[in-house]
Amino acid sequence: MSAGEIEIIGRYFADLTPPRADVRLGIGDDAALLQPPPGCELAVSTDTLTSGVHFAADAAPADVGYKALAVNLSDLAAMGAEPRWALLALTLPSADEHWLQQFCAGLRELALQHSVALVGGDLGRGPLSITLQVIGSVPAGTALRRDGARAGDGIYVSGELGGAALALALRAGAGLTDALRRRLDRPTPRVACGSALRGVAHAAIDISDGLLADLGRLATASRVGAEIELARLPLCREVAALADERQRLRFALAGGDDYELCFCVAPERESQLATIAALCGVPLTRIGAITAGTELNWRRADGSGYTPDTRGYLHF
Ligand code: ADP
Ligand code: MG
């Protein structure tokens, strides 16, 4: 490790987040030492953001820092886990002070909201790439998984759909409001909602690649089908305003990047959701029901079937 690296870590990362009592040893040694809470399982997840793929090369570095953590926290939310620690592997073309300072400010803003401690990482030179790893905890045996949905469960989504994809489509041109831009650049991980759904939801997934792909993954893992009522989809206002049905649904079902939760709840527990929605400050909308089959059926308000024409965001 060069003097430059030590200096960068000391200046930007060593004190990025406030200390947590469960961090026995943080940044500076060969590994961090962490104290998991008794009776808990650890939920661990990692995601990489690559320049030119996951964000534009000229994206605001504060947004990149924020989003790198947001997409990781969204995975913990989908497991119902409480975030605790994060590790950051950063590959940079150069030690650009402005970039590092802004990136850290964005990352810190969200880390503080969720009391996440940055406990280690790695620093290297190369094309800009950000890998974040997050570790959370969940009382043993209570995590929300993809494979627990049962026929008859109500299917719900948090928040609104389609806004991030519409923002991406509008990015180059005019008409991109600040509110819409934030849906793409600063998604809100539904951490409190995920925790509150432990013991209530049978299954959950976060919508990173679009409802079509992600509900499909949940259904496959649970070996069930689903019947979705298109008129009930909570579309982001700007998406709902689009005249063309196919275009609206493309943003809502296949756009991705919304980072809302999709989850399944047994009928006898559905009455608990109003309280959870109020506590977490996010709408929870019933969009359909799990079926015994293996197909996803999308229905219009008049009962006619709809065949989505895209498969969501696929990397390969
Ligand atoms: P080693 O060579 O032993 O793997 P490093 O030189 O990579 O250690 O890092 C020294 C210390 O700084 C370690 O505690 C490591 O976790 C931490 N660290 C390195 N890069 C980062 C980073 N980008 N963010 C946070 N901590 C980092
Ligand atoms: Mg070492």
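Order of listing sets the numbers, starting from 1, for every ligand and every atom in it. Not measured: the values here are computed from a predicted model.
Using a 4.0 Å cut-off between charged nitrogen and carboxylate oxygen, Arg20 and Asp22 count as a salt-bridge pair. Looking at Arg183 and Asp257, no side-chain N of the basic residue comes within less than 4.0 Å of a carboxylate O on the acidic one, giving no salt bridge.
Side-chain contact between Ser158 and Leu284: present, with at least one pair of heavy atoms (C-beta onward) separated by less than 4.5 Å. Ile290 has its side chain within reach of Ile155: a pair of non-hydrogen atoms, C-beta onward, lies under 4.5 Å apart. Using a 4.5 Å cut-off on side-chain heavy atoms (C-beta onward), Leu180 and Cys236 make contact.
Looking at ligand 1, you'll find an N or O of Asp122 within less than 3.5 Å of one of its N or O atoms.
Using a 4.0 Å cut-off to heavy atoms of Ile9, the atoms of ligand 1 that qualify are 12 (O), 18 (N), 19 (C), 20 (N). For ligand 1, the atoms lying closer than 4.0 Å to a non-hydrogen atom of Leu123 are 20 (N). Residue Asp30 has at least one heavy-atom neighbour below 4.0 Å for each of these atoms of ligand 1: 3 (O). Heavy-atom proximity to Gly120, at under 4.0 Å, picks out these atoms of ligand 1: 16 (O), 24 (N), 25 (C), 26 (N), 27 (C). Distances below 4.0 Å separate heavy atoms of Ile27 from the following atoms of ligand 1: 12 (O), 14 (O), 17 (C), 25 (C), 26 (N).
Taking all heavy atoms of Gly121, Cys104, Gly124, Ala31 into account, the minimum distance to atom 18 (N) of ligand 1 is reached by Gly121. The option from Gly28, Ala86, Ala14 that lies nearest to atom 11 (C) of ligand 1, judged by heavy atoms, is Gly28.
Rounding to the nearest 0.5 angstrom, the gap separating the CG atom in Leu33 from the CG atom in Leu25 is 5.0 Å.
When heavy-atom distances to ligand 1 are checked against a 4.0 Å cut-off, Leu87 has no atom that comes that close, whether in backbone or side chain.
Between the side chains of Ser94 and Asp96, no donor-acceptor pair is found at a separation under 3.5 Å.
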